[in-house]
Amino acid sequence: MTTEELLDFDRNHIWHPYTSATNPLEVYPVDSARGCTIKLTDGRELIDGMSSWWSAIHGYNNPEINQAIKDQVDKMSHIMFGGLTHSPAVELAQKLVNITPEGLDNVFFCDSGSVSVEVAMKMALQYCHALGTKDKTEFLTIRNGYHGDTWHAMSVCDPVTGMHSLFNNRLNVQNFVSQPKVRYNDKWDDSDFDEMYQTIKGNADRLAAVILEPIVQGAGGMWFYHPEYLRKLSEICREYNVLLIFDEIATGFGRTGEMFAMNHAGVVPDILCLGKAITGGYMSFAATMCSKNIAGVISSAEPYVFMHGPTFMGNPLACSAACKSIDILVKGNWKERIDNIEKNLKRMLNRARTVKGVSDVRILGAIGVIEMEKPVDMKIIQQKFVDEGIWIRPFGKNVYTMPPYIITDKELEFLIQKMIKVISEI
Ligand code: PMP
């Protein structure tokens, strides 16, 4: 198939994320990817600033993860998890229990991040059901959050920028409070927690859980907030018997400079969602972890089982990729790498502050965000990034990067220099 034929079929038959079927924006055909470089079929090479939406933390085509998957293929690619188990799943669960803070002992493997959010919400509801607190059926979250595109995940996404209006009256209405305003590094102000406190206090008998992304709100606006918010939240949730769910699908596995974003606050949730980087970005996979207490309560009352069990649960290929990815992370110098990326982002990305049209620049760990005053024109800006030899995929007003951890100083410098060049020209 020629590239023209490929693009023609793609345009006429294939949906891409959030695109029109009849008038899609341009897509760029990729031949291969290695390390931090994406090679297009026309031979052009792009330095990757996106880690394929936060997931490819070790870059592409990592020889060790490749080998782990090849070894596993020769044993079995998949085997049902109902009534059977295998060492890739057990080893992965052990690693997850070891690297997460104490108190998260039970692991439920899922197919994707959105599904892990659905599973977390079901766990919370089944827990309340088992305790006999059957009126506790609602969820509370903060505005500007993003938790995935499936039904209940969507119901706790931001009500304005999410899909609430589109699916109006069909989505479960959830409870929203303002986004935390105090920035990660600013001086904490107790009033930032007032609305959350009052809402929990006034509605505890209806609330099963609070769900949010700790420290970094990703796709809902790339916002970094103060760790004290989470410490207060954890205390209040405990006081009012409301479960706490952290969605670390985007932030887990080192991205923010801590292994998990919750570690910035020293807070442990009752239920934790992990995904994206769990397999080093090799394939769709996720996990929902919970405390022994939650798992015990769910299993103590009718129907005595947790009601979820997908066909590809615990897929051995995904588990073996994830085991290897976590080994590379833990045995390597991930913390030094992230600190170095953060230092370089602070040195170079801050230069964007003086560019016309830029309203804010924020950096945390290996995440660098340039917020523009107005939403960018994707058609124009995407083309310009590719022409400059970098892969950056903005959304709304945010032009941001979260590069693979293996990015070299030279590659990062190139990436940032080109990002600033492009936003200066648009
Ligand atoms: N939660 C968060 C915080 C996310 O960033 C995402 C994906 N962008 C999801 C959930 C959904 O994950 P997935 O796309 O794998 O379903």
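Order of listing sets the numbers, starting from 1, for every ligand and every atom in it. We number each residue from 1, following the sequence as shown.
- At a 4.0 Å cut-off, not a single heavy atom of Trp53 sits close enough to ligand 1 to count as contact.
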Pair Glu91-Lys95, salt bridge (charged side-chain N to carboxylate O under 4.0 Å, His left out): steps then yes or no: CA-CA 6 Å; Glu91 277 170 34; Lys95 288 179 200 298; 5.2 Å; no
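- The local environment of CE in Met307 is sparse, with at most 12 non-hydrogen atoms from other residues, nucleotides or ligands closer than 6.0 Å.
- At the top of the distance list for atom 5 (O) of ligand 1, counting protein heavy atoms only, stands Lys276 CE, 3.4 Å.
- Distance from atom 15 (O) of ligand 1 to its nearest protein heavy atom, with residue and atom name: Gly113 N, 2.9 Å.
- With hydrogens left out, the protein atom closest to atom 6 (C) of ligand 1 is Tyr146 CE2, 3.5 Å, a heavy atom.
- Polar contact with ligand 1: absent for Glu213 (N/O pair, distance under 3.5 Å).
- Remark: minimum distance from atom 16 (O) of ligand 1 to any protein heavy atom is reached at Ser114 OG, 2.6 Å.
- Donor-acceptor pairing under 3.5 Å is lacking for the side chains of Ser291 and Asn293.
- In the vicinity of Ala250, heavy-atom distances shorter than 4.0 Å reach the ligand 1 atoms 5 (O).
- Heavy atoms of other residues, nucleotides or ligands lying less than 6.0 angstrom from CZ of Arg34 number 12 at most.
- Enclosure of atom NZ in Lys75 is not indicated, since only 12 or fewer non-hydrogen atoms of other residues, nucleotides or ligands lie within 6.0 angstrom.
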Evaluation steps, ring pair (Phe, Tyr, Trp, His ring centres under 6.0 Å), between His264 and Tyr184: CA-CA 10 Å; His264 290 276; Tyr184 178 85; 5.2 Å; yes
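- Nearest protein heavy-atom contact of atom 1 (N) of ligand 1 is Asp247 OD2, 2.6 Å.
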